Amino acid sequence: MSTVASRRMSRVDTAWLRMDNEVNLMMIVGVWLLTPGITIEALRERVADKLLKYERFHQKAVADATGASWVEADDFDITEHVVVEQLSRKRGLSERDALKQRCGELATTPLDPDRPLWKFHLVEHYEGGSAMIIRVHHCIGDGIALTSVVMSITDGGNDPPARRRAEKDADDSDTDWLSDAVLRPLTGLAVKAIDLSGDGVAKSFDMLAHPQQQVMQSVGMARAGVQIVQDAAALVMMGDDSPTQLKGEPQGTKVVAWGEPMPLERIRVVGKALNCSINDVLLSCVAGAIGSYLRDRGEDPEGKEIRAMVPVNLRPLEKAYQLGNRFGLAPLVLPIGIDNPVERVFDVRRRMADLKGHYQPLLAFAVLAVAGMLVKPMQDALLGLFAKKTTAVMTNVPGPKVPLKFIGSTLRQTMFWVPASGKVGVGVSIFSYGGGVQFGLITDKALCPNPQEIIDRFEPEFEKLLWLAMMLPWGE
């Protein structure tokens, strides 16, 4: 592999690199279930042929006093990154439970800092096929970027576009991103909407290509300035959310869970019947499932709300292959204390509408960039202020609409778990794939010892909305 000069890591990616702590590692952990099975030799061949065309996957992250750099790993050995995994079936565990247990263990096992920060673990024989556990450090890329990489290494996937050196350098720089994502909005670019399905604020950036469309009248600019000041104050002055069993002192032992996919079309129909978006329906199910879980564990959630920090994409989707982290964060309050499913979904819809037109995701991106400029203790202190006001991290990533093939096998199910920063102990993942939507949950064992109890409540919460929607007058 050819040696290239080192390149400075962006400040935002540096912040993610240094965010690991004793209870939370900044790794995105995912699972692929494949039918029929594949071999370790075939997997290594595919990874070498496809994944290593992305520079980040054969570069090390080398930290220094002022930040970090991407440095070519001249001693790269694919057998260190693509390994065979044997599941432990102690205590009569099922294959699925053994896989979940191993995913939780690997979520708390650091990647080797002297090697590129990723690893594939192949369980060659699993449920009549194979299972693959994927671990990638967040500094390499966010959920949207890594989904793009996933699509590229499947059968028929496109290689990343060849780019000139100047373009590569620009991709790693915060300067243009901070200008486009923060400074321009302060003077002339309005954020029109937040969409948790993945397009997000990136749609607003399309206006940059058409300057004539982004000229704002002086009154509009003044309003934007007022909104920015209000949003900045709201982030700084954000109060703590309700105390629950899910918020406390994590111990660093992770447990994961996931459910079976729910048909996306059914969710869409329910949303249409209730005049709500798909995301309103999904988030209402999340709030209802958590509230039901707490209720069954003896905690009355009535009147309580929890805050989830939700990533909002800031890049055009066609540039996802560039990797790196290009997202802001929106604080979303989930009404876990509302038991009535219709009242709850309308409350979620209202809260989502309140987020539209706000600059908080852009300001949060700026905070991450600033954090990457600080020494680690100061970065931890800055980001810790936000973590204390949050119960969960929640992300919603759109995947391929049709099932994919990988080395001739069908990728029948896939799920990932989002990492949490600071001392946040809950991560909620929503992933759409092949016409279905499924939920994943990763929790700290000290706060939620069995997250499957929450996962198993998502579909019943949706069924409540479905039955109520079916009783509505459809002929009007």
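Given the structure is predicted, the values throughout are model-derived calculations rather than measurements.
Annotation: side chain to side chain contact (heavy atoms under 4.5 Å, CB included) contacts of D339 (sequence neighbours excluded): R295. The side chain to side chain contact (heavy atoms under 4.5 Å, CB included) search around V333 returns E305, R307, R351, not counting sequence neighbours. Every residue meeting the ring-ring contact (aromatic ring centres under 6.0 Å, His included) condition with F416, not counting sequence neighbours, appears here in chain and number order: F431.
Within 6.0 Å of the CD atom in Q86, the count of heavy atoms belonging to other residues, nucleotides or ligands does not exceed 12.
Going from atom CG of L122 over to atom CD of E41 covers 9.5 Å, rounded to the nearest 0.5 Å. Taking CG of L411 as the start and OG of S130 as the end, the distance is 12.0 Å to the nearest 0.5 Å. The line from CE of M309 to OG of S421 is 8.5 Å long, rounded to the nearest 0.5 Å. Atoms OG and CZ, on S10 and R326 in that order, are 5.0 Å from each other to the nearest 0.5 Å. The structure places OG1 of T391 at 3.5 Å from CG of D241, a figure rounded to the nearest 0.5 Å. Going from atom CG of D456 over to atom OG of S292 covers 11.0 Å, rounded to the nearest 0.5 Å.
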CA sep, side-chain torsions, deciding dist, call: L146, W118, side chain to side chain contact (heavy atoms under 4.5 Å, CB included):
CA-CA 12 Å; L146 294 176; W118 63 275; over 6 Å; no
Worked check of side chain to side chain contact (heavy atoms under 4.5 Å, CB included) between I455 and W258: CA-CA 6 Å; I455 288 290; W258 71 86; 5.6 Å; no
Residues T79, R44; criterion side chain to side chain contact (heavy atoms under 4.5 Å, CB included); working and verdict
CA-CA 8 Å; T79 64; R44 286 171 177 163; 3.9 Å; yes
I290 vs I454, side chain to side chain contact (heavy atoms under 4.5 Å, CB included): CA-CA, chis, key distance, verdict: CA-CA 6 Å; I290 292 174; I454 299 178; 4.2 Å; yes
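Side-chain polar atoms of D142 and N325 form no donor-acceptor pair below 3.5 angstrom. Using a 3.5 Å distance cut-off with no hydrogens or angles, the side chains of K254 and T443 do not pair a donor with an acceptor. Side-chain atoms of R115 and H81 form no donor-acceptor pair, as typed in the model, at a separation below 3.5 Å.
With hydrogens and angles ignored, the 3.5 Å screen pairs no side-chain donor or acceptor of Y126 with any backbone N or O of L99. Between the side chain of R349 and the backbone N or O of N275, at least one donor-acceptor pair lies under 3.5 Å. In this structure, D444 contributes its side chain and G252 its backbone to a donor-acceptor pair below 3.5 Å. Although no hydrogens or angles enter the test, the distance criterion places no donor-acceptor pair under 3.5 Å between the side chain of R135 and the main chain of K119.
Scanning both residues, P419 and I28, for their nearest heavy atoms gives CD-CG1, 4.0 Å.
Geometric assessment of R46 against the ring of F406 yields a positive cation-pi assignment under the 6.0 Å and 45° thresholds.
Using a cut-off of 4.0 Å between Lys/Arg side-chain N and Asp/Glu carboxylate O, K247 and E299 are scored as not salt-bridged.
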